Amino acid sequence: MIRVDIKNDQQCLVDVKLGDDVKIFNFVNAYGCSIDSGTKIGAFVEIQKGATIGKNCKISSHSFICEGVHIADNVFVGHNVTFINDKFPRAITENGALQTEDNWECIKTFIEEGASIGSSVTILCGVRVGKRSVIGAGSVVTRNVEENTIVAGNPARFIRTID
């Protein structure tokens with residue numbers, strides 16, 4: 001992997017570790033993260049520090065991958081997918097000051113190999129999405145998804161097992 005720093009009118013990539021043959025489209029904001037070989041990042045995606053994306057993934061446009069999210073190899077992330085990393089987000093502390101990194105806990109989320117996440121899905125923090133699972137478009141994932149299963153809805157519920 002190589003480290004890149006690119007800032008121009010169409011990209012802002014700061015301290016990003018990139019594998020071979022990564023394709024990043026315009027208007028991507030990424031910093032302090034790693035993106036492994038063969039992965040494609042669509043336009044208008046943000047990837048925050050400490051996030052990791054595996055090999056041969058497809059991250060579709062307008063998605064938000066926050067700190068604490070770890071995506072394994074061969075994962076599909078549809079358009080407008082949002083990850084959450086804080087169970088109780090607040091703008092200010094009890095004293096009325098703006099929160100800093102010291103005022104909250106980043107809760108990790110893991111997307112396992114070969115999972116597919118439909119467009120406009122929201123995934124809450126602390127969740128593990130199992131291998132080769134599928135999350136239907138528009139779902140809100142509030143708990144773990146078993147491998148080889150399809151879930152959908154709000155909250156996402158088991159639909160069926162994948163053969």
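The structure presented is a predicted model; accordingly, all values stated were derived computationally and were not measured. Basis for what follows: all heavy atoms, side chains included, without hydrogens, waters or symmetry-related copies.
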Handout entry: Least distance between heavy atoms, Ala115 atom then Gly130 atom
Key = CB-O, 3.8 Å
Exercise for the section: Pick out which of Leu13, Val4, Val28, Leu18 makes a side-chain contact (heavy atoms from CB on, under 4.5 Å) with Ile35. Expected result: Leu18
Exercise for the section: Please confirm whether the backbone N or O of Lys55 pairs with a side-chain atom of Asp73, one donor and one acceptor, at under 3.5 Å? Expected result: yes
Practice task
Go through the steps to decide whether Val69 and Asn85 satisfy the test side chain to side chain contact (heavy atoms under 4.5 Å, CB included), and finish with yes or no.
Solution key: CA-CA 8 Å; Val69 173; Asn85 62 5; 5.8 Å; no
Exercise for the section: Taking all non-hydrogen atoms of both residues into account, name the closest pair between Asp5 and Val14 and its distance. Expected result: OD1-CA, 3.2 Å
Practice task
From the options Arg132, Lys131, Arg128, select the one residue that forms a salt bridge (charged side-chain N to carboxylate O under 4.0 Å, His left out) with Glu112.
Solution key: Arg128
Exercise for the section: State, yes or no, whether a side-chain contact exists between Val16 and Arg3 at a heavy-atom distance under 4.5 Å. Expected result: no
Problem - Closest non-hydrogen atom pair, Leu98 against Asn103 - result: O-OD1, 4.4 Å
Completion exercise
The complete set of side-chain hydrogen bond (donor to acceptor under 3.5 Å, both in side chains) pairs with one or both residues in residues 87-97, sequence neighbours excluded, reads none
Exercise for the section: Would you check if Ile123 and Ile135 make a side-chain contact, meaning some heavy-atom pair closer than 4.5 Å? Expected result: yes
Exercise for the section: May I ask you to test the Ile24-Ile6 pair for a side-chain heavy-atom distance under 4.5 Å? Expected result: no
Problem - Closest approach of Ser133 to Glu146 (non-hydrogen atoms, all atoms of both residues) - result: CB-O, 3.6 Å
Exercise for the section: Mark yes or no for whether Ser60, through its side chain, and Asn80, through its backbone, hold a donor-acceptor pair below 3.5 Å. Expected result: no
Exercise for the section: Apply side chain to side chain contact (heavy atoms under 4.5 Å, CB included) to Glu46 and Tyr31, showing your working. Expected result: CA-CA 9 Å; Glu46 176 160 343; Tyr31 50 95; 3.2 Å; yes
Practice task
Check whether any side-chain heavy atom of Pro155 lies under 4.5 Å from a side-chain heavy atom of Val140, and answer yes or no.
Solution key: no
